[in-house]
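One structure is given below, encoded as structure tokens.
Numbers here simply count residues along the sequence, with the first being 1.
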Amino acid sequence: MSKLDFAALLCSRLCHDLVSPVGAINNGLELLSGEQDETMREAVFDLIEKSTAQTSNKLQFFRLAFGAAGGFSAHLDTREAEKSLRAFLAGSKVDLSWNVTVPELSKGGVKLLLNMCLVMAETLVRGGSLSVNFTGSGEEKVALSVEVAGERVIFPEDIQSALQGQVKEKDLEPRSAPAFLASVVASELGGAVHVDKYEDQKIRVSATIKANA
């Protein structure tokens, strides 16, 4: 698969996530054009405001997770990554615990971490907790892990395979593209993504990468 084809998959995934909030904004504007009742107009304004915020939050997140945020800087502030992830999860049933104490990571490290979070958050079909951990740092290696726990956790085989770089490129879909991106970035950073634990109500994945990557 060419880089262009893979970029197209990520674009399809991004568009899929933006269709709903952007559509809600459009519908709200159409309703406003013919609605005279003040109470209804306030409700529509509220819908537009929430949908606009959701669209902005998603774009900010995907900018870090898929794009080239940070310009020419080699590293990104981990607080920016946390802020983006919290905004992305706002309004969902996923509670975030962010335990990354280092002030910055390489842009690749942030991209890896956010895509791992995106993939794992989607396994919580009924909500639950998502814990992000910077589990160690040494002279040569650093370790990142993401753990989810919930009443119902679904981790499709194709997503697992893509996350660990074990999927055929021809079988990739927009849904599994972020998982494959995480595996590619981890490999570029001298490591790999591993599924450490997979139980009915809990999953933990981790990646160990070069400290200076």
Side-chain angles (χ1 to χ4, degrees), residues 6 10 13 61-62 64-66 75-76 78-79 81-82 84-86 88-89 92-169 171-213:
F6 184 62
L10 288 177
R13 170 56 199 259
F61 177 84
F62 287 129
L64 289 176
F66 296 169
H75 292 77
L76 290 173
T78 55
R79 292 174 298 181
E82 178 188 5
S84 176
L85 180 58
R86 287 193 183 281
F88 181 80
L89 296 173
S92 72
K93 296 181 179 179
V94 177
D95 296 320
L96 174 64
S97 175
W98 182 270
N99 305 305
V100 179
T101 56
V102 292
E104 62 180 25
L105 284 173
S106 68
K107 289 197 292 186
V110 169
K111 191 182 298 291
L112 168 62
L113 188 57
L114 290 183
N115 277 282
M116 288 171 62
C117 290
L118 173 61
V119 171
M120 301 315 295
E122 291 180 341
T123 68
L124 298 170
V125 294
R126 294 182 180 173
S129 63
L130 185 151
S131 179
V132 183
N133 300 285
F134 186 91
T135 56
S137 62
E139 293 183 0
E140 299 182 354
K141 297 284 186 177
V142 296
L144 308 168
S145 69
V146 179
E147 183 171 310
V148 293
E151 179 183 344
R152 189 181 182 199
V153 179
I154 296 181
F155 199 14
E157 289 186 7
D158 62 325
I159 302 297
Q160 294 183 54
S161 298
L163 192 61
Q164 297 177 95
Q166 299 171 352
V167 65
K168 295 180 180 179
E169 292 184 353
D171 295 328
L172 281 174
E173 300 177 350
R175 183 185 69 153
S176 56
F180 187 69
L181 177 59
S183 74
V184 170
V185 174
S187 177
E188 291 177 347
L189 297 178
V193 181
H194 304 282
V195 178
D196 300 328
K197 180 189 295 184
Y198 182 18
E199 301 173 353
D200 289 342
Q201 297 181 325
K202 182 177 293 186
I203 309 172
R204 183 175 66 243
V205 297
S206 65
T208 302
I209 59 177
K210 291 180 180 179
N212 59 353

Just so I know, are the side chains of Glu122 and Pro178 near enough to count as touching, which here means a heavy-atom distance under 4.5 Å?
no
Surrounding CD of Glu157 (heavy atoms of other residues, nucleotides or ligands, distance under 6.0 Å), is the total greater than 12?
no
Would you give the length of the straight line joining atom CG of Leu76 to atom OG of Ser106, rounded to the nearest 0.5 angstrom?
8.0 Å
Distance from Glu147 atom CD to Asn99 atom CG, nearest 0.5 Å?
10.5 Å
Are the side chains of Leu130 and Cys117 in touch, meaning some heavy atoms are under 4.5 Å apart?
yes
Just checking, any donor-acceptor pair under 3.5 angstrom between side chains of Asn133 and Ser131?
yes
NE2 of His194 to CZ of Arg204: how many Å apart, nearest 0.5 Å?
12.5 Å
Less than 4.5 Å apart, side chain to side chain, heavy atoms only: is that true for Val205 and Met120?
yes
Measure the shortest side-chain to side-chain distance between Phe62 and Leu118 over non-hydrogen atoms and say whether it is less than 4.5 angstrom.
yes
The reported gap from CG in Leu114 to OG in Ser84 (rounded to nearest 0.5 angstrom) is 6.0 Å
Give a yes or no on whether the backbone of Leu89 and the side-chain of Ser92 come within a donor-acceptor separation of less than 3.5 Å.
yes
Does Asn115 reach the main-chain N or O of Ala65 with its side chain, forming a donor-acceptor pair under 3.5 Å?
yes
Check this for me, if you would: do Arg152 and Asp200 make a salt bridge, where the nitrogen-to-carboxylate-oxygen distance has to be below 4.0 angstrom?
no
Between Ser176 and Glu173 (side chain of the first, backbone of the second, donor and acceptor by atom type, cut-off under 3.5 Å), is there such a pair?
yes
Side chain to side chain, Leu64 and Lys111, heavy atoms closer than 4.5 Å:
no
Please answer whether the main-chain N or O of Phe180 pairs with a side-chain N or O of Ser183 as donor and acceptor at a distance below 3.5 Å.
yes
So Val167 and Asp158, do their side chains get closer than 4.5 Å, heavy atoms only?
no
Side chain Thr123, main chain Phe155, donor-acceptor under 3.5 Å:
no
Working for ring pair (Phe, Tyr, Trp, His ring centres under 6.0 Å), residues Phe66 and Phe61:
CA-CA 8 Å; Phe66 296 169; Phe61 177 84; 7.5 Å; no
Within the side chain of Thr78, is there an N or O that forms a donor-acceptor pair under 3.5 Å with the backbone of Pro103?
yes
When rounded to the nearest 0.5 Å, the distance separating OG1 of Thr208 from NZ of Lys141 is 7.0 Å
Going by heavy atoms in the side chains, are Val142 and Ile209 under 4.5 Å from each other?
yes
Would you call Lys202 and Lys197 a side-chain contact if the rule is heavy atoms closer than 4.5 Å?
yes
Verify the distance criterion only: is there a donor paired with an acceptor across the side chains of Asp196 and Ser206 at less than 3.5 Å?
yes
